[in-house]
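A quick write-up on the structure given underneath.
Please read all numbers here as calculations on a predicted model, not as lab measurements.
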Amino acid sequence: MRTSQLFIPTLRQTPSEAEVISHRLMLRAGMIRKVAAGIYTYLPLGLRVLKKIECIIRQEMNRTGAQELLMPILSPAELWRETGRWDFYGKELLRCQDRHDRDFCFGPTHEEVITDLFRREIRSYRQLPMNCYQIQTKFRDEIRPRFGLMRGREFIMKDAYSFDANLESARLSYQKMYDAYEQIFTRCGLHFRAVEADNGMIGGSMSHEFMVLAATGEETIVYDEHGSYAANVERAEVPPPPEENDATSLPLEAVHTPGTKTVQAVCAFLQISPDRLVKTLLYQTPTNDIIAVLIRGDHEANEIKINRFLETTGITLASMETVSNVSSAPVGFAGPVGLRGIRIVADHAIKAMRNFVVGGNKHDTHLINANWERDFTVEAFLDLRQAQAGDPSPRSDTRLQEAKGIEVGHVFLLGTKYSETMHATFLDPEGQETSAIMGCYGIGVSRTAAAAIEQNHDSKGMVWPVPIAPFHIHLLPVTASEQVRKTVGRLYDSCIEAGLEVLWDDRDERAGVKFNDADLIGAPFHLTIGDKGLAQGILELKQRNTGKVVQLRPTEVLSHVKDLLSSYDLPHG
RNA sequence: CGGGGCGUGGCGCAGCCCGGUAGCGCACUCGCUUGGGGUGCGAGAGGUCGGCCGUUCAAAUCGGCUCGCCCCGACCA
């Protein structure tokens, strides 16, 4: 393509609305423009990147035997009412009505629609396993869209759904997708990690997230050195500590601790370290029950784990009023001793503790030398806290480390959650009607493009991984002589003939402008053609990621670039 | 939805407190100039100051309402 004929409205200054780097650079490079909050137009340059990612995804999905189809964006409320998600999904599900007042929604995901298709068409185990996928615009009415393409309301997603006759087969389908995802993100040139994850709203029994590692990631993951364990912190298991403590119990004692509302303040006042203190968190369940959760002072509670234990979703920390009613003290002094009529559960770290400090359920008072066997009753000890760097790995004898990641893919083993409620059944070899075992698998295509930028950029602009770069080579004539024009024209033609994706900056601009735009757009190779070089019969080829420049004769350029590209598994089609 | 901030030519901003001719930089058009990291000079085009209502002789500026956007918290590809 020639720049003069491509719609690439680059910007010298960043629009003030953009905060994160991928958003800023995509706006500046003329890849996207905002239409409304979280809703964007993809301009030609942006679309080229998306198409490349889609192409890689298609190739790898097809390779697993999955079949592409395309479901509608709009789907009728009845399907969602069947699974209960019409109510359960909440406000994120964008709804609308047609002229007959019939309810519809804009698909945020398509389990209902695909399961409906399955139950209408599939009769026999002989038709299984089956895996169908689509690449489509999804809509989620996010509470707060932000970060450009990283969290839009409308976004492009690849979603796949597998149906199997039995669990072993379903696990195999899951593994196939897992492997395909590793292949896809590897081919995209991204540095990523697959981690164990929570199933959340989608449900099911097992899931992994694929995280692109980047300092700006919203997710925190933990992993051990051997690679034997990696998980989202919200999911990560924390093994129970050894019960080494056999200190004798000392007498319980109330201590006046004026104004010490935080763990830090209490510890400073009593001159103890936070791991000698137990904090008592009062949570309110959706059914308005109160439950006390005991967590060691230097640990953080994990609400997902608490939810899972209670078999609910949506617990919240109790309000200040509730806390003072329940504990007869302001927030900061609640404790398990003497809490009447309230369930008490504890993180299993508490089990190993003796003679610890707790709130006194009285203003400005804490208790020292508390012991759970003697002073209060714990309903259950279990894993309720957030994993953190330095914790022991649950799978090896090394310690966990932390990293930030951007979730670009998520695979779920769903089981029969949808097939049972929607009666998606088939006849097994014994003639028994059986519910299909399902899996579902998503990739955020537009988010992957943004994540690639978050991971690969410098102060000048984007540095695209070769396989998803909008162009392979950027031709930059820096002087306007006849000789330069002819050389560039010939090179451009030969690049096209050789199947290279070439962008020719044929604008009447100064060298500096072209260099800056080229660095911003971030094609892997920049070829500078000027009179100075041509006088010695050479051109300069710069590699965007390393900045390394090699001097080449015009006749050498093509084979040199093709050689450099040959080591990549480039998308085609 | 709670907390914070912002809406002034395409982009980045000043002006607003203290009401009186709408301004700067970049981009855009034309001419000359320059030509290997955002040339220089000159001449232009482009804005009902987010919208509505009010106060006033007079509103970008003061008051009320409203819409939109961004950032921080609870959701997710």
Side-chain angles (χ1 to χ4, degrees), chain A residues 9-20 23-24 27-28 30 33-39 53 57 89-93 107-110 135-160 181 197-202 207 209-212 218-219 232 234 303-304 313-317 405-412 440-451 460 476-481 484 507-520 526 528-535 539-540 542 547 549:
Chain A
T10 58
L11 265 22
R12 292 193 181 190
Q13 276 162 306
T14 309
S16 58
E17 72 195 37
E19 191 76 5
V20 300
H23 190 193
R24 298 167 72 104
L27 285 170
R28 279 194 56 208
R33 285 294 183 264
K34 186 176 67 185
V35 176
I39 299 178
I53 296 170
I57 291 172
Y89 214 107
K91 292 210 183 115
E92 220 172 293
L93 185 66
T109 174
H110 278 68
I135 297 176
Q136 184 203 44
T137 295
K138 292 283 187 280
F139 201 99
R140 294 187 191 173
D141 202 356
E142 289 282 341
I143 304 163
R144 182 152 90 86
R146 57 184 135 174
F147 307 147
L149 295 195
M150 296 265 279
R151 182 177 300 279
R153 288 195 290 174
E154 197 176 292
F155 59 98
I156 300 173
M157 178 162 124
K158 187 284 304 180
D159 47 326
Y181 275 35
D198 189 69
N199 286 61
M201 173 77 65
I202 303 281
S207 87
E209 289 167 332
F210 288 77
M211 298 284 193
V212 166
E218 286 189 89
E219 306 284 338
N232 193 314
E234 57 185 36
E303 296 182 2
I304 289 173
T313 56
I315 55 158
T316 50
L317 275 172
I406 301 163
E407 183 192 354
V408 289
H410 203 157
V411 294
F412 297 87
C440 72
Y441 317 93
I443 291 178
V445 177
S446 35
R447 182 184 282 182
T448 300
K460 288 268 176 185
L476 304 166
V478 288
T479 47
S481 70
V484 166
R507 297 173 301 172
D508 180 21
E509 287 286 358
R510 316 202 96 223
V513 174
K514 293 184 182 182
F515 286 138
N516 281 310
D517 272 352
D519 286 336
L520 176 62
H526 298 177
T528 304
I529 306 103
D531 286 310
K532 225 187 267 178
L534 284 185
L539 314 171
E540 291 147 39
K542 182 178 100 170
V549 176

* Counting only Watson-Crick or G-U wobble pairs whose two distances fall under 3.5 Å, which nucleotide matches B/rC41? -> B/rG31
* Determine the contact category for A/N232: base if any of its heavy atoms lies under 4.0 Å from a base atom, sugar-phosphate if only primed atoms, P, OP1 or OP2 are that close, otherwise nothing. => nothing
* To do: Report yes if a donor N or O on one partner sits less than 3.5 Å from an acceptor N or O on the other, where the partners are the side chain of A/D531 and the base of B/rG35; otherwise report no.
  => no
* Asked: Taking the P atom of each, how far is B/rU61 from B/rG15, in whole Å?
  -> 15 Å
* Structure fact -> A/L149 CG to B/rC76 C1', in whole Å, measures 16 Å
* Asked: Considering only the C1' atoms, how many Å lie between B/rC30 and B/rC70, rounded to the nearest integer?
  -> 38 Å
* Within the structure shown, what part of the strands sits under 4.0 Å from A/T14 by heavy-atom distance: base, sugar-phosphate, or nothing? -> sugar-phosphate
* Quick one: CE on A/M157 to CZ on A/R447, what's the gap to the nearest 0.5 Å? -> 10.5 Å
* Asked: What does A/G533 touch in the nucleic acid at a heavy-atom separation under 4.0 angstrom: a base, only the sugar-phosphate, or nothing?
  -> base
* **Pairwise P distance for B/rG36 and B/rG40, with rounding to whole Å** => 14 Å
* To do: Tell me what A/D159 touches on the nucleic acid: a base, only sugar-phosphate, or nothing, going by heavy atoms under 4.0 Å.
  => nothing
* Structure fact -> Per-nt protein contacts along nucleotides 67-73 of chain B (heavy atom under 4.0 Å; B base, S backbone sugar-phosphate only, - none) come out as --SSBBB
* Asked: Counting only Watson-Crick or G-U wobble pairs whose two distances fall under 3.5 Å, which nucleotide matches B/rC11?
  -> B/rG25
* Looking only at non-hydrogen atoms, find the nearest pair between A/K158 and A/Y441 and report the distance. => NZ-O, 3.3 Å
* Structure fact -> Contacts of A/D508 and A/G444 projected onto RNA chain B by closest heavy atom; the upstream (5') one is A/D508
* Side-chain donor/acceptor contact of A/D519 with base of B/rG38 under 3.5 Å -> no
* Specify the separation, in whole Å, of atom CG of A/L11 and atom P of B/rG10. => 13 Å
* Asked: Where the side chain of A/V478 is concerned, which of B/rA77, B/rG36, B/rG38 is the nearest nucleotide?
  -> B/rG36
* Which part of the nucleic acid, if any, lies within contact of A/E209, taking any heavy atom under 4.0 Å across all strands shown: a base, the sugar-phosphate backbone alone, or nothing? -> nothing
* Any strand is fair game: report the nucleotide pairing with B/rC52 by Watson-Crick or G-U wobble, both distances under 3.5 Å, or none. => B/rG64
* Structure fact -> A/H526 NE2 to B/rG37 C1', in whole Å, measures 13 Å
* Answer yes or no: is there a side-chain heavy-atom contact under 4.5 Å between A/H526 and A/E540? => no
Under 3.5 Å donor-acceptor pairs involving side-chain atoms of residues 10-19 of chain A, not counting sequence neighbours:
residue: A/T10; atom: OG1; partner: A/D517; partner atom: OD1; Å: 3.4
residue: A/T10; atom: OG1; partner: A/D517; partner atom: OD2; Å: 3.3
residue: A/E17; atom: OE1; partner: A/K34; partner atom: NZ; Å: 3.3

* By side-chain hydrogen bond (donor to acceptor under 3.5 Å, both in side chains) - contacts of A/E509 (at least two apart) -> none
* Between A/S446 and A/K460, name the one whose nearest nucleotide on RNA chain B is closer to the 5' end. => A/K460
* Structure fact -> To the nearest angstrom, the CD-C1' distance between A/E407 and B/rC76 comes to 7 Å
* Would you kindly give the CD1-to-C1' distance between A/I57 and B/rA77, to the nearest whole Å? => 11 Å
* Closest non-hydrogen atom pair, A/Y181 against A/G442 -> OH-N, 3.0 Å
* Looking at every strand, decide which applies to A/E219 at a 4.0 Å heavy-atom threshold: base, sugar-phosphate, or nothing. => base
* Asked: Who are the side-chain hydrogen bond (donor to acceptor under 3.5 Å, both in side chains) partners of A/N232, not counting sequence neighbours?
  -> A/E209, A/E219
* Paired nucleotide for B/rC57 [Watson-Crick or G-U wobble; both distances under 3.5 Å] -> B/rG20
* Base-contact (B) and sugar-phosphate-only (S) positions in nucleotides 25-31 of chain B, heavy-atom cut-off under 4.0 Å, - elsewhere -> BSS----
* To do: Looking at every strand, decide which applies to A/V408 at a 4.0 Å heavy-atom threshold: base, sugar-phosphate, or nothing.
  => sugar-phosphate
* For the pair made of NZ in A/K542 and P in B/rG37, what is the distance, rounded to whole Å? -> 12 Å
* To do: Give a yes or no on whether a donor-acceptor pair under 3.5 Å exists between the nucleobase atoms of B/rC76, that is its base, and the side chain of A/R151.
  => yes
* Structure fact -> Applying side-chain hydrogen bond (donor to acceptor under 3.5 Å, both in side chains) to A/D519 and not counting sequence neighbours gives A/K542
* In whole angstrom, what separates A/I304's CD1 from B/rA74's C1'? -> 12 Å
* Asked: Looking only at heavy atoms, which two atoms of A/K91 and A/D141 are closest? And how far apart?
  -> O-CB, 3.5 Å
* Counting any heavy atom closer than 4.0 Å, what does A/G530 reach on the DNA or RNA strands: base, sugar-phosphate only, or nothing? -> base
* Structure fact -> Sorted by chain and number, sequence neighbours left out, side-chain contact (heavy atoms from CB on, under 4.5 Å) with A/A480 holds for none
* What distance, rounded to whole Å, do you find between the two P atoms, one in B/rC49 and one in B/rG9? -> 10 Å
* To do: Please indicate yes or no: is the ring centre of A/F515 less than 5.5 Å from the centre of the six-membered base ring of B/rG38, with the two planes inclined by under 30 degrees?
  => no
* Roughly how many Å is it from CE in A/M150 to P in B/rC76, rounded to a whole number? -> 17 Å
* **With sequence neighbours excluded, residues passing side-chain hydrogen bond (donor to acceptor under 3.5 Å, both in side chains) with A/H23** => A/Y40
* P-based separation of B/rG68 from B/rC52 [nearest Å] -> 16 Å
* Asked: Which value, in whole Å, describes the distance between the C1' atoms of nucleotides B/rU21 and B/rU66?
  -> 31 Å
* **B/rC6 and B/rG46, which share atom name C1', separated by this distance in whole Å** => 24 Å
* **Close side-chain approach of A/E218 to A/M150, heavy-atom, < 4.5 Å** => no
* **For A/K138, all residues meeting salt bridge (Lys or Arg N to Asp or Glu O under 4.0 Å), sequence neighbours excluded** => A/D159
* Sticking with atom P, work out how far B/rC71 lies from B/rG25, rounded to a whole angstrom. => 30 Å
* Nearest-neighbour nucleotide for the A/R510 side chain, B/rG36, B/rG35, B/rC11 considered -> B/rG35
